[in-house]
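Everything quoted here is computed from the prediction, not taken from an experiment.
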Amino acid sequence: MALLDVKDVTKQFGGLTALSNVSFKINEGEIRGLIGPNGAGKSTMFKNIAGFYTPTMGDILFKGESIIGKKPSEVARRGVVRTFQETTLFQEFTVYQNVLVGCHLKAQTDIFSALLGLDKEKQRDAHTKTMEVLDFMGLTNRKDQLGSELPLGSQRALAIAIALVSDPVLLCMDEPFAGMNSEETNHMMNLTRKVRESGVTIVLVEHDMKAVMGLCEYITVLNFGTLLSEGTPDEIRHDPRVIEAYLGQGAH
């Protein structure tokens, strides 16, 4: 049984069809690429998977159970957690505080309790988990820095740390390599592999083809809201339909 099974998902906004009968499956332990030109429907698919949107038609199964109609918080508690295109941090909080706030989902306490130190037993557990994740992501030496003081690569690593603290089973990463230089990209690729090796399945929406081809064993390609192609990186790299979608008709 696939970990995630997207079945004939269609998403319409008024007269606009953003996704049309899209189906694909993701198995446990994968790093799956979800790629396509701008406007292909990648982010819309992510929002449907994470519960921010409800499909107009179709179904999405996680561990064999439908997650359609579930609130994003409920989907996250089941183990499906996403990051965002724009690095979403509490810029005025320290690195440690940012991750500590992320613990409120697992601890089922509220953000203010997390910050003010209420519910001591839960907070001890949250502290332990926060420090474990910071160490895992290589951020321990930055734990007292403000989010606003971090370089881009560390901000992206912190965003993943906030997601990891809720113990995701499936992590949906939305353009984590955007705007990075070569050194930052290589570091983030290594961190992504490390996350997968810890037992987390990853779906990666990304325009950086170096990262996609270097990380993903299998790639799903969307174009104009439909499923265009699926295959290994080498198959996708040489698929004339994918080449045409990215580079235009007649491209080699």
Side-chain angles (χ1 to χ4, degrees), residues 2-27 30-62 66-70 72 75 80-88 170-180 185 192 201-252:
L3 180 65
L4 184 75
D5 189 355
V6 176
K7 293 187 169 187
D8 300 317
V9 166
T10 293
K11 181 60 181 177
Q12 296 173 329
F13 299 95
L16 172 67
T17 300
L19 296 170
S20 179
N21 296 314
V22 177
S23 297
F24 59 89
K25 296 182 180 181
I26 296 173
N27 296 318
E30 278 193 73
I31 300 179
R32 171 67 65 91
L34 182 62
I35 69 170
N38 288 330
K42 305 180 299 296
S43 292
T44 300
M45 178 58 72
F46 256 25
K47 290 176 181 178
N48 278 272
I49 292 171
F52 291 89
Y53 291 159
T54 298
T56 306
M57 292 183 288
D59 203 356
I60 300 174
L61 306 180
F62 179 65
S66 177
I67 53 175
I68 293 297
K70 306 291 184 185
V75 174
V80 180
V81 179
R82 67 164 294 188
T83 65
F84 295 83
Q85 286 182 2
E86 300 296 330
T87 303
T88 306
L170 178 68
L171 180 60
C172 301
M173 298 172 63
D174 200 350
E175 298 193 25
F177 298 91
M180 287 188 173
T185 295
T192 303
T201 302
I202 295 172
V203 188
L204 178 68
V205 164
E206 185 54 61
H207 286 290
D208 187 324
M209 289 299 106
K210 173 188 174 182
V212 171
M213 297 297 174
L215 285 170
C216 302
E217 297 94 348
Y218 206 74
I219 298 171
T220 298
V221 186
L222 299 180
N223 191 33
F224 294 114
T226 63
L227 180 64
L228 178 67
S229 182
E230 287 190 299
T232 65
D234 192 58
E235 290 170 339
I236 294 300
R237 186 183 289 113
H238 295 97
D239 189 326
R241 295 170 299 172
V242 176
I243 295 171
E244 181 178 332
Y246 271 96
L247 299 179
Q249 189 173 7
H252 296 284

(request) Taking the side chain as every heavy atom from C-beta outward, state whether Tyr246 and Met209 have any atom pair closer than 4.5 Å. (result) yes
(request) Starting at NZ of Lys42, measure out to NZ of Lys47 and round the result to the nearest 0.5 Å. (result) 12.0 Å
(message) If you compare all heavy atoms of Gly58 against all heavy atoms of Ile68, which two are closest, and at what distance to 0.1 Å?
(response) O-CG1, 4.4 Å
(request) Search all heavy atoms of Val75 against all heavy atoms of Gly51 and return the closest pair with its distance. (result) CG2-CA, 4.2 Å
(message) Any non-hydrogen side-chain atom of Val212 less than 4.5 Å from a side-chain atom of Pro233?
(response) no
(message) When you measure from the side chain of Tyr53 to the backbone of Thr44, do you find a donor-acceptor pair of N or O atoms at a distance under 3.5 Å?
(response) no
Which atom pairs, donor and acceptor, lie under 3.5 Å between side-chain atoms of residues 12-22 and protein residues at least two apart or in another chain?
from  : atom 1 : to    : atom 2 : distance (Å)
Asn21 : OD1    : Thr10 : OG1    : 3.4

(message) For the OG atom of Ser66 and the CG atom of Asp59, what is their distance to the nearest 0.5 Å?
(response) 3.5 Å
(request) For residues Arg82 and Asp174, determine if any side-chain heavy atom of one lies less than 4.5 Å from a side-chain heavy atom of the other. (result) yes
Going by atom type alone, with no hydrogens or angles, which donor-acceptor pairs under 3.5 Å involve a side-chain atom of residues 224-232 and a protein atom two or more places apart or on another chain?
from   : atom 1 : to     : atom 2 : distance (Å)
Thr226 : OG1    : Asn223 : O      : 2.9
Ser229 : OG     : Asp239 : OD2    : 2.7
Ser229 : OG     : Arg241 : NH2    : 3.3
Glu230 : OE2    : Arg32  : NH1    : 3.4
Glu230 : OE2    : Thr220 : OG1    : 2.7
Thr232 : OG1    : Glu235 : N      : 3.2
Thr232 : OG1    : Glu235 : OE1    : 3.4

(message) So which atom in Leu170 and which in Leu4 form the shortest heavy-atom distance, rounded to 0.1 Å?
(response) CD2-CD2, 4.0 Å
(request) State which residue, out of Val80, Asp5, Val9, fulfils the side chain to side chain contact (heavy atoms under 4.5 Å, CB included) condition with Ile60. (result) Val9
(message) To check you understand the geometry: which heavy-atom pair defines the closest contact between Leu215 and Phe177, and what is its length?
(response) CD1-CZ, 3.7 Å
(request) Please name the pair of heavy atoms, one in Pro176 and one in Met180, separated by the smallest distance, quoted to 0.1 Å. (result) O-CE, 3.3 Å
(request) Please lay out, stage by stage, how Glu175 and Phe46 fare under the test side chain to side chain contact (heavy atoms under 4.5 Å, CB included). (result) CA-CA 11 Å; Glu175 298 193 25; Phe46 256 25; over 6 Å; no
(message) With side-chain hydrogen bond (donor to acceptor under 3.5 Å, both in side chains) as the rule and sequence neighbours excluded, what pairs involving residues 201-210 come up?
(response) Asn38-His207, Asn186-Lys210
(request) Would you check, one step at a time, whether the test side chain to side chain contact (heavy atoms under 4.5 Å, CB included) holds for Met45 with Phe24? (result) CA-CA 11 Å; Met45 178 58 72; Phe24 59 89; 4.0 Å; yes
(request) Indicate yes or no for a side-chain donor-acceptor contact from Glu217 to the backbone of Ile31 under 3.5 Å, with no hydrogens or angles considered. (result) yes
(request) For residues Ser23 and Val6, determine if any side-chain heavy atom of one lies less than 4.5 Å from a side-chain heavy atom of the other. (result) no
(message) Under the criterion side chain to side chain contact (heavy atoms under 4.5 Å, CB included), I'd like the reasoning laid out for Val81 against Cys172: C-alpha separation, chi angles, the key distance, then a yes or no.
(response) CA-CA 6 Å; Val81 179; Cys172 301; over 6 Å; no
(message) Donor-acceptor check, side chain of Lys11 to backbone of Thr54, threshold 3.5 angstrom: yes or no?
(response) yes
(message) Under the side chain to side chain contact (heavy atoms under 4.5 Å, CB included) test against Ile35, which residue among Val221, Leu222, Leu204, Val205 passes?
(response) Val221
(request) Could you tell me which non-hydrogen atom of Thr83 sits nearest to which non-hydrogen atom of Met173, and how far apart they are? (result) OG1-CA, 3.2 Å
